[in-house]
Every structure is written in C-alpha cells, then in structure tokens.
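Data block below; observations after.
One-based numbering along the sequence shown. Values below: every heavy atom of this structure, side chains too, minus hydrogens, waters and symmetry copies. All ligand and atom numbering here is 1-based and tracks the order in the structure.
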Amino acid sequence: MDRIVVEGGPRLAGEVRASGSKNATLALMAAALLAEGETRIANVPRVRDVDAMLELLRALGADADWVPDAVQTVAIDASTITSPEAPYDIVRKMRASFMVLGPLVGRCGLARVSEPGGCAIGVRPVDQHMKGLAALGAKIDLDHGTVEARAEELVGGRVVFDMASVNGTQNVMMAAALARGVTEIENAAREPEVAELATFLAGMGVRVEGAGTDRILVEGGARLAGVEHVVSGDRIEAGTLLAAGVATRGDVSVSGVVPAHLDAVLDKLREAGADVEASADRVRARAHERLRGVDVATAPYPGFPTDMQAQLMAVVATAAGSSVVTETVFENRFMHVPELQRMGADISVQGRAAHVRGVERLSGAPVMATDLRASASLIVAALPAEGTTVVNRVYHIDRGYERIEEKLRSLGAEIRRES
Ligand code: UD1
C-alpha cells in the first residue's frame with residue numbers, strides 16, 4: 001500500500017491547474033445511462049472513484065472507458081445496458097454509485113442497488129433519494145440490504161426534500177429526465193455540481209429550469225441523445241491547494257476554476273489574514289505572516305463546504321488564537337482530529353464543534369488517512385510542520401485527488417509517494 005512522505009518546511013509558490021471536478025464527473029457519468037448513444041466527458045480527473053464508476057457502468061452492460069487518444073476523456077455508451085443491478089462490491093466502496101438508481105429505473109423499468117452502508121463520516125441514509133423516486137411513481141422496496149425500484153413508466157411529480165441532498169437531488173433530476181411530464185423539486189441542493197448536471201441534461205434534450213436554486217423543474221419523457229461535455233474545475237481540490245499554500249505562508253495560484261464557486265472558502269482565508277485575488281478562472285492566495293484563527297461552520301452551498309472543513313482545520317491549527325470549527329452537514333466528520341493531534345495540534349471536540357487553539361508549529365509524525373478529505377488535511381498540516389510526516393493509507397486520497405503529490409511538488413513541496 002502506498003504512503004505519502006512529506007518533509008515539512010518549504011513555502012509553496014507558483015501556479016497549478018485544478019483538475020476536473022470529481023463530484024460533478026460522477027453524477028454526469030451516471031447521467032450518461034439516460035441516453036441511447038455515446039456520451040463523451042472531457043476534463044475528467046484520473047482518480048479512483050472515476051475508475052470505480054466506469055467499472056460500475058460496465059457491470060451494467062454499458063460500454064464505458066477512457067478514450068485512448070483524448071486526454072482525460074471518458075466515453076460512455078449505454079445503448080447496450082443489460083443488467084439493472086449494481087454490484088454490491090462497487091456500491092460498498094463508493095456511495096456515489098447510488099446515483100445510478102434513478103437513471104436505471106427510468107431506462108429499464110427496474111433497478112437494484114445495494115444500500116450504501118454507514119460510512120466513515122457518519123450515517124448517511126438514502127431516504128431522500130427513495131422518497132424522490134417514489135414521487136415519480138417508482139415502487140421502492142428494501143430487500144436484504146438492496147434497494148429495488150420498479151416503474152413501468154415514471155411520471156413527473158412534486159418532490160419536497162426534507163433536507164437538501166446533493167446526490168439525492170441529482171438522482172431525482174436524472175429519473176425526472178425520463179419521466180413523462182414535469183417534475184418539481186423543492187428544497188433542492190444548490191451546489192454547482194447540481195447546476196452542471198442540469199447543463200449536461202439540457203445537452204441531452206431535457207428542459208431544466210432553476211438548477212442552482214432550491215426549486216428545480218425538469219421536463220422529461222423524450223428519448224435522450226448522447227452529449228459532449230467538459231467538466232468544470234474541482235472547487236474542493238482548488239480550495240485544498242490554496243489552503244496548502246497559505247498554511248506554508250506561501251503564494252499559490254490555482255487556475256481552471258470558477259472563483260465564485262469558492263466564495264465561502266476564499267472569505268474564510270481572507271478573514272484569517274490571507275491576501276486573496278480572484279480573476280476570470282484563477283484564484284491567488286498569499287499569506288505573508290502567521291494567519292489568525294477563524295470560526296467556521298459548514299453548510300450546504302453557498303455556505304462553507306463540508307468537504308473543505310478538515311483542510312481548513314489543518315490551516316488554523318497553526319494560526320494565532322483560537323478557532324471553532326463546527327460541522328453541521330455530517331454527524332461524524334472529525335476523524336482527522338486525532339491524527340492532527342498526533343502532530344501536536346491542540347484541538348478538543350465537543351459534539352459537532354472542534355475547538356482549535358493555534359500552536360506555533362506542528363511536528364511531523366506517522367499518521368493515517370481515514371477518508372478522502374481527512375487525508376488531504378493531513379497533507380496540508382504536514383507541509384509547514386517541522387520534520388517528516390508519513391501519511392499511510394493514501395488510497396483514500398487517490399479516490400479524489402489527481403496526482404496530488406506532483407501538483408504540490410511543482411509548487412515547491414518536498415513530498416513523495418512510496419510503495
Ligand atoms: C455529496 C458529495 C460529498 C459532499 C456532500 C455534501 C458527491 C459524490 N459527494 O455527497 O463529497 O460531502 O455532497 O456537500 O457528490 N442525507 C439524508 N438522507 C438522504 C441523503 C442525505 O439524511 O437521503 C443527509 C446526509 O446524511 C448528510 C446530508 O444529508 O447529513 C447531506 O448529504 P448529501 O448532500 O446527500 O451528500 P451526498 O450527496 O451523498
């Protein structure tokens with residue numbers, strides 16, 4: 001199993017390009033199941049979750065693979081889907097697999113997907129996905145841990161979510177694309193990845209209004225054609241690289257992103273004392289001196305993203321003064337705390353709030369990556385730390401970050417991967 005070794009110290013400086021958004025890509029790949037024809041998605045990050053989704057689409061009978069001569073492009077042709085059943089082995093590893101439920105029931109009249117189990121960042125039910133599909137006329141049954149959805153025909157309906165679920169909203173939008181008539185989704189998630197799915201569906205011939213707001217209308221029912229799409233930059237990867245830069249009191253620019261998607265993160269970095277400039281598709285963040293502690297609470301978009309919580313905590317671990325980091329989206333997303341403590345961070349957790357008292361410097365230590373963003377936070381913490389940090393179990397980071405060590409090395413970090 002690979003590990004990442006970081007020699008702490010160097011200030012990061014320079015510019016890197018963000019990869020395409022992993023989360024947007026996973027939804028678009030599921031949506032490719034809607035079309036009878038080839039879809040091509042470009043600017044796809046080469047990360048393990050994308051490979052897992054390709055594997056899942058192939059298991060369903062689709063033709064799905066990287067395009068050999070086109071850089072970072074996948075081609076998916078779901079004309080040939082044969083099996084409406086998503087194998088447990090894939091779903092278990094990647095919760096986003098559950099998004100094939102909506103498109104599959106629309107295409108095949110039947111879909112079976114294992115219930116994704118409780119995962120490391122807390123109980124993550126899929127009740128909202130099921131509620132939404134039921135409102136479109138699907139009959140949902142739970143059988144020995146498998147969710148089965150059946151519908152001879154999906155019919156547009158009104159879905160009022162109890163909470164704004166990102167993948168839940170996307171799942172229902174995809175089913176609605178094949179449902180006869182108009183579907184109205186209330187309390188929809190407003191994340192940019194939802195809006196990007198809407199653009200993708202529009203390219204296939206679906207009428208979608210309101211994506212990016214909490215009320216989305218989808219008019220479906222037509223046969224859908226394949227589409228070509230370029231994925232937008234990964235706002236979480238970009239935020240992580242900027243956090244890494246300011247943690248080292250460096251000067252890092254990230255290109256290939258929509259700066260507005262990062263507003264909540266950039267505001268916090270500014271509040272902590274960083275100089276942040278945004279232009280058309282680029283963000284630059286500089287820290288000349290020690291940052292100040294800030295309080296932050298995660299929230300659905302446009303609030304501070306839960307996927308940046310761990311990385312921000314790593315930044316404020318060495319800021320002057322105290323910070324309170326509150327996680328409101330997931331129940332148990334503080335697995336990075338004990339690892340940061342091993343590096344000398346002064347953090348105490350009470351319920352959903354982590355109280356961080358900034359220390360002058362962290363010290364390198366062997367640490368364990370426990371989930372995707374937690375692993376990223378350990379690297380952010382290791383870069384300015386004194387001495388060597390060895391991050392074990394980096395397969396978590398490979399799920400969602402493309403060549404992270406190469407990108408950081410290009411900014412001057414002393415970081416390497418060891419087998
Ligand atoms: C997506 C992102 C993930 C991010 C999260 C929140 C992908 C592949 N993943 O995950 O990186 O951290 O959004 O921004 O896009 N919930 C329910 N019932 C449901 C669905 C969700 O109770 O049916 C709860 C969850 O437990 C959680 C909250 O709603 O507490 C938000 O989760 P949700 O937005 O659904 O996250 P995902 O879409 O799974």
For this session: Number the atoms of ligand 1 from 1 as they appear, then name those within less than 4.0 Å of a heavy atom of Thr306, with their elements.
Result: 6 (C), 12 (O), 14 (O)

Problem set entry | Salt bridge present between Lys407 and Glu237 (N-O < 4.0 angstrom) | yes

Exercise. Which of the atoms in ligand 1, numbered in the order shown and given with their element, are less than 4.0 Å from a heavy-atom of His129?
Worked result: 23 (O)

Exercise. Which ligand 1 atoms, with their elements, are less than 4.0 angstrom from a heavy-atom of Val329?
Worked result: 27 (C), 28 (C), 30 (O), 31 (C)

Problem set entry | For Val126, atoms of ligand 1 separated by under 4.0 Å from a heavy atom | 19 (C), 23 (O)

For this session: Could you tell me which atoms of ligand 1, counted from 1 in the order shown, lie closer than 4.0 angstrom to a heavy atom of Gln128?
Result: 18 (N), 19 (C), 23 (O)

Exercise. For Arg333, is the nearest heavy atom under 4.0 Å from an atom of ligand 1?
Worked result: yes

Exercise. So is there a nitrogen or oxygen of Asn23 less than 3.5 Å from a nitrogen or oxygen in ligand 1?
Worked result: yes

Problem set entry | Residue-ligand contact Ala189/ligand 1, heavy atom below 4.0 Å | no

Exercise. Is Arg95 close to ligand 1, meaning an N/O of one under 3.5 Å from an N/O of the other?
Worked result: yes

Exercise. Evaluating non-hydrogen atoms only, which member of Glu331, Met53, Met94, Met163 is closest to atom 24 (C) of ligand 1?
Worked result: Met163

Exercise. What do you reckon, does Gly168 have a nitrogen or oxygen under 3.5 Å from a nitrogen or oxygen of ligand 1?
Worked result: no

For this session: Have a look at ligand 1 and work out which part of Asp307, if any, has a heavy atom under 4.0 Å from it: side chain, backbone, both or neither.
Result: side chain

Exercise. Taking only heavy atoms of Ala96, which atoms of ligand 1 are found under 4.0 Å from at least one of them?
Worked result: 8 (C)

Exercise. Is the shortest N/O to N/O distance between Glu191 and ligand 1 below 3.5 Å?
Worked result: no

Exercise. Mind checking whether Val166 has an N or O less than 3.5 Å away from an N or O of ligand 1?
Worked result: yes

